Amino acid sequence: MGEKKKMRGSAISSLLTIDVSSRTPPTVWVFAYGSLIWNPGFKYEETIKGYARGFARRFYQGNTHHRGDAQMPGRVVTLIEDKKSNTSGLLYRLTGLKQISSALKHLHEREVLNGYEFAVVPISFNTHCPGNTTVIALTCIASTDNEFYLGPGTTTEEMAVQIHTAKGRAGPNSDYLFKLAEHVRELFPTEEDEHLFELERHVRIVLQQRISSVAVE
């Protein structure tokens, strides 16, 4: 997996090591590829667009709180390693101990307690200068052995029905899907996220079928 290998434990500790003797405020980058794109929930100094090279965005993580319940878990995105893929998202720059610690607490409560793990990944982004720049960023990825993990497990059509049906405290699972697709299109007009857009298409078909069925009744 080389440079793209997910790093946990000591690597994350190293990323977050703070030099108290330095007069320069510590900085941490956080990569958002799901709902954190439109609703980060923490303060930050700067945001720029970036790509997780060698990772694909997939609706493989179950959610029984924000976008579903125990009877009908919703589906939310995680990252899986795929050498041929790149996942678009936003980089948030956190500066200073207060901002960093507040964001990490928020991410722990929102992501880690729902089956995700902190991971460190290289993120590429375009700058005003020629060429690309890469930063090491913190993100959250669902482990395949967490209790909420659903994996691919079904056809796109079956996943669409599940997403259309599921609803949690943050609202319908379909709203999550539609908002993600909308923001990806707006931020990355040339993006070709087949998994995301195909799921969106199928959920809209299911929605239209349900509306037509009710109208007939």
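Owing to the predicted nature of the structure, the values given are computational and were not obtained by experimental measurement. For this chain, numbers begin at 1 and follow the sequence in order. No hydrogens, no waters, no symmetry mates; every other heavy atom, side chains included, goes into these values.
- Residue pairs that meet the ring-ring contact (aromatic ring centres under 6.0 Å, His included) test with at least one member in residues 63-90, sequence neighbours left out, do not exist here.
- A distance of 4.0 Å separates CZ of Phe178 from CZ of Arg204, quoted to the nearest 0.5 Å.
- In this model, no donor atom of one side chain and acceptor atom of the other lie less than 3.5 Å apart for Arg57 and Ser85.
- Atom NE2 of His195 is separated from atom OG1 of Thr156 by 7.5 Å, given to the nearest 0.5 angstrom.
- Judged by the 6.0 Å and 45° rule, Arg75 forms no cation-pi pair with Tyr176.
- A donor-acceptor pair under 3.5 Å is absent between the side-chain atoms of Lys179 and the main chain of Trp38, judged by distance alone.
- Side chain of Gln162 to main chain of Pro73: a donor-acceptor pair is present (N/O by atom type, distance under 3.5 Å, no hydrogens or angles).
- Side chain of Tyr92 to backbone of Leu36: a donor-acceptor contact under 3.5 angstrom is found.
- Classification of the Tyr51-Phe188 ring pair by plane angle, with boundaries at 30° and 60°, yields perpendicular.
- Counted by atom type alone, Asn146 and Gln61 present one or more donor-acceptor pairs between their side chains at under 3.5 Å.
- Ser35 and Arg110 share a donor-acceptor pair across their side chains, judged by distance under 3.5 Å alone.
- Separating the CZ atom in Phe31 from the CD1 atom in Ile37 is a distance of 7.0 Å, to the nearest 0.5 Å.
- When each of Glu192, Glu191, Glu200 is paired with Arg185, the salt bridge (charged side-chain N to carboxylate O under 4.0 Å, His left out) condition holds for Glu200 and for no other.
- Residue Asp82 holds its CG atom at 8.5 Å from OG1 of Thr87, rounded to the nearest 0.5 Å.
- A salt bridge links Arg201 with Glu198; the closest basic N to acidic carboxylate O contact falls under 4.0 Å.
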